[in-house]
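Working notes for the structure below.
Since we're looking at a predicted model, the values are computed, not measured.
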There are 2 protein chains.
Amino acid sequence: MTVTPQAAFRALADPTRRDILMMLRGQELTIAQVAENFDMTRAAVKKHLVVLRDGGMIRTRPSGRERINSIDPAGMAPVLDWLTAFDLFWDDRLAALRQAIEEEDKK
Amino acid sequence: MTVTPQAAFRALADPTRRDILMMLRGQELTIAQVAENFDMTRAAVKKHLVVLRDGGMIRTRPSGRERINSIDPAGMAPVLDWLTAFDLFWDDRLAALRQAIEEEDKK
DNA sequence: CACACGTGATACCTTTTGGTTTCACGTATG
DNA sequence: CATACGTGAAACCAAAAGGTATCACGTGTG
């Protein structure tokens with residue numbers, strides 16, 4: 001199941017899905033628990049979770065009659081890779097980052 | 001005209017638009033020149049350029065009867081900011097980046 | 001000035017997307 | 001075993017997205 005860059009970018013394109021990712025950043029949640037935080041049906045949230053899964057952003061593990069969703073740390077890689085390849089803006093960011101790191105190393 | 005993160009993510013969600021950004025990475029192009037590279041009408045490409053502009057990814061400057069499109073380096077900032085705030089995967093990337101920079105500094 | 005050229009804008013069409021409702025199914029639990 | 005619970009899946013709907021064709025308009029150019 002190779003995750004295409006397109007699936008990854010699509011997963012990030014919806015604000016609800018980005019919120020779900022943020023929500024899952026520190027904790028694992030069942031679909032029902034995720035749905036509690038949104039003003040939409042569980043079914044709608046489920047669909048978003050499927051898109052996130054197709055994009056490689058989350059993993060789902062069954063536990064009894066529940067499904068536990070957690071972030072897939074590797075999922076962001078295709079996006080990062082594209083941004084790196086794009087690399088125009090990257091120069092500035094890299095420069096700032098390099099400086100920050102060097103400053104920190106001086107301590 | 002504040003660019004919402006949503007507009008930025010939306011701009012990146014379409015493969016044609018990402019291709020356009022890549023195409024604009026090194027050169028400035030008129031809409032007609034951009035359109036030459038795709039199997040779709042100029043009007044369709046124009047729409048993509050509008051979305052990219054709304055997302056803050058490109059700038060358009062008039063030159064006679066032409067419009068010259070170029071990348072806006074600052075456009076990627078909202079995306080980068082979100083990814084940084086998301087920061088789970090970031091750890092690995094940052095670690096690798098830090099190491100690469102430190103290695104280079106030793107030379 | 002007449003006219004070709006590059007673009008902007010609009011109407012229109014089809015497909016995708018985000019959402020709902022409803023029902024079937026496996027899993028706990030009284 | 002009966003039943004409540006969490007989920008999966010399908011049918012359906014409205015709105016958004018991606019595309020086309022077409023026309024209007026400013027800008028060069030013969």
Given atom [atom1] of [X] and atom [atom2] of [N], what is their separation to the nearest angstrom?
| X | N | atom1 | atom2 | result |
| --- | --- | --- | --- | --- |
| Leu49(B) | dG18(D) | CG | P | 13 Å |
| Asp39(B) | dG19(D) | CG | C1' | 12 Å |
| Glu66(A) | dG8(D) | CD | P | 11 Å |
| Arg42(B) | dA24(D) | CZ | P | 15 Å |
| Met40(B) | dG18(D) | CE | C1' | 8 Å |
| Phe38(B) | dG19(D) | CZ | P | 10 Å |
| Leu52(B) | dG18(D) | CG | P | 11 Å |

For the pair [X] (side chain) and [Y] (backbone), establish whether a donor and an acceptor sit closer than 3.5 Å, ignoring hydrogens and angles.
| X | Y | answer |
| --- | --- | --- |
| Arg42(B) | Ala35(B) | no |
| Arg10(B) | Pro5(B) | no |
| Asn69(A) | Leu29(A) | yes |

Quick one: label [X] by what it contacts on the DNA or RNA (base, sugar-phosphate, nothing), any heavy atom closer than 4.0 Å.
| X | result |
| --- | --- |
| Ala44(A) | base |
| Ala43(A) | base |
| Lys46(A) | sugar-phosphate |

Problem - Passing option when Glu28(A) is tested against Gln33(A), Arg59(A), Arg61(A) for side chain to side chain donor-acceptor pair (under 3.5 Å) - result: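 That would be Arg61(A).
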
Fill in the blank from the handout: Between Met76(B) and Leu12(B) the two heavy atoms that sit nearest each other are SD-CD1, 3.9 Å

Fill in the blank from the handout: Heavy atoms of Phe86(B) and Arg25(A) approach each other most closely as O-CD, 3.0 Å

Exercise for the section: Taking heavy atoms of chain A and a 4.0 Å limit, find me the 5'-most and 3'-most nucleotide of DNA chain C within that range. Expected result: dT17(C) to dA28(C)

Handout entry: Nearest-nucleotide pick for Arg10(B), side chain only, options being dA17(D), dT20(D), dA9(D)
Key = dA17(D)

If the cut-off is 4.0 Å, is [X] near the phosphate of [N], judged by side-chain N/O to OP1 or OP2?
| X | N | value |
| --- | --- | --- |
| Arg67(B) | dG26(D) | no |
| Arg65(B) | dC25(D) | no |
| His48(B) | dG19(D) | yes |

Practice task
Nearest-nucleotide wise, let me know which of Val51(A) and Ser63(A) is further upstream toward the 5' end of DNA chain C.
Solution key: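 The residue closer to the strand's 5' end, by nearest nucleotide, is Val51(A).
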
Exercise for the section: Can you sort out the partners of Ala7(B) under side chain to side chain contact (heavy atoms under 4.5 Å, CB included), two or more places apart, ordered by chain and number? Expected result: Val3(B), Thr4(B)

Exercise for the section: Using heavy atoms to find the nearest nucleotide of DNA chain D for Ile68(A) and Gly64(B) separately, return the residue whose nucleotide is more 5′. Expected result: Ile68(A)

